[in-house]
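Right, one structure below, let's go through it.
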Amino acid sequence: MPLPVIADVDTGVDDALALLFLASHPDIDLRAVTCVAGNASLAQVTQNTLDVLAVAGSDAPVAAGSQRPLIEPARDAGSYHGANGIGNLHLPPSPRTAEPVHATELLRREIETSAGPVTVLSLAPLTNIALLLRLYPHLASQIARIVVMGGSSSAGNASAVAEFNVWHDPEAAQIVLSSSVPTTVYPLDVFNRVVASETQISQLRDAATPRARLAASLLDYQVTLADLPDDITSGAKLGDAGTAVFLVAPEHIGTETWPVEVELNAGFSRGQTVVDRRHRPGEAEEHGLVTPVSRSDIALTVDGPAVAGVFVDALLRAEPVP
Ligand code: BDR
Ligand code: CA
């Protein structure tokens, strides 16, 4: 049976790639998509999400959620993902509109009415999901797992040590990671290493379906960002889409279970995800000065080409939208 999934997104070039994959893979049942401000304003993210899903032929309900982080004021989205958040591509406007409810209500509805536990895929600042867990704590037992694109166990991208999704709303990330729901974290350590090759991008560009061609255009934009790791010389990062592939092909990604918490203090390390990879207690623990920290499964190694292959195959094999 396909995996029931709700995605929370800030579409976003790489969120768009993830949506195309989620709508295309036969082992995923995309139940709903919720939106949060991040890569673009909430209104732009919501429209981008509807437009991308229309190209993908998905009728998953979409709802707009949080315009700003829990504590901090709204942030300027910047233009890293292009002026419109999806690489300045102009998609045909979706014939659908967003559900007339807040994202937390769409999440609640889909989780409550699901016959079995649902996987929540978080590809954006975690504000909506933190609010859901605070508003409806009883739903935690009906969420199979929250898979979070966020954090880093090494360098950051929003700051020297903080990854964008966690940096944008650190309190929300801490609420989610310290909740009772099992969590898997897909941090920058692996996010940066999943790259579609130039050949794969050409295959998508030459494909018959609009969704594959849209994936190629989004990847072309990613190429212009020129943000590959030093040891990868060409291609385009899949970004959030690699996290979506993890749902169906976890064998290509190595995880370890470690305590993790978010730095909430003001200062240059705010938003850092601190992964405690020590194999034995330190002085603080010896002296009873530390409170227990929740553990997450953290992706630390990845077979990048294999993950990119799963992504491209799903897009190339997907049926044309009727
Ligand atoms: C994350 O931030 C956004 O720019 C991307 O969409 C991704 O979710 C990477 O730090
Ligand atoms: Ca994102």
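Here the structure is a predicted model, which is why all the values come from computation and not from measurement. Note that ligands are numbered from 1 as they come in the structure, with each ligand's atoms numbered from 1 the same way.
- Here the Ca ion (ligand 2) has protein N, O or S atoms under 3.0 Å from it, and they come to 5.
- Of the charged side-chain nitrogens involved, none lies within less than 4.0 Å of a carboxylate oxygen, so that D14 and K237 do not count as a salt-bridged pair.
- Applying the 4.5 Å side-chain rule to ILVMFWY residues, one finds that M1 remains a lone member of its cluster.
- In this structure, F246 and Y186 have tilted ring planes: the angle between them lies in the 30° to 60° band.
- Without hydrogens or angle criteria, S217 side chain to R213 main chain gives a donor-acceptor distance under 3.5 Å.
- Both V302 and V312 belong to a single network of hydrophobic side chains, linked directly or stepwise wherever heavy atoms of I, L, V, M, F, W or Y lie under 4.5 Å apart.
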Taking a 3.5 Å cut-off between nitrogen or oxygen atoms, can you list every pair linking ligand 1 to the protein, with distances?
from, atom 1, to, atom 2, distance (Å)
ligand 1, 4 (O), N39, OD1, 2.9
ligand 1, 4 (O), H81, NE2, 3.0
ligand 1, 6 (O), D14, OD1, 2.6
ligand 1, 6 (O), D14, OD2, 3.3
ligand 1, 6 (O), D15, OD1, 3.1
ligand 1, 6 (O), N39, ND2, 2.9
ligand 1, 6 (O), D240, OD2, 3.1
ligand 1, 8 (O), L123, O, 3.0
ligand 1, 8 (O), N165, ND2, 3.0
ligand 1, 8 (O), D240, OD1, 2.7
ligand 1, 8 (O), D240, OD2, 3.0
ligand 1, 10 (O), N157, ND2, 2.9
ligand 1, 10 (O), E163, OE2, 2.5

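- The stretch residues 51-64 participates, sequence neighbours left out, in these side-chain hydrogen bond (donor to acceptor under 3.5 Å, both in side chains) pairs: Q47-D51.
- Electrostatic pairing of E171 and R270 counts as a salt bridge here, judged by a charged N lying under 4.0 Å from a carboxylate O.
- Using the six-membered ring where Trp is involved, H138 and Y136 have ring planes that are perpendicular, over 60° apart on the 30 and 60° scheme.
- Linking ILVMFWY residues whenever their side-chain heavy atoms come closer than 4.5 Å, directly or via other members, places V245 and L219 in the same cluster.
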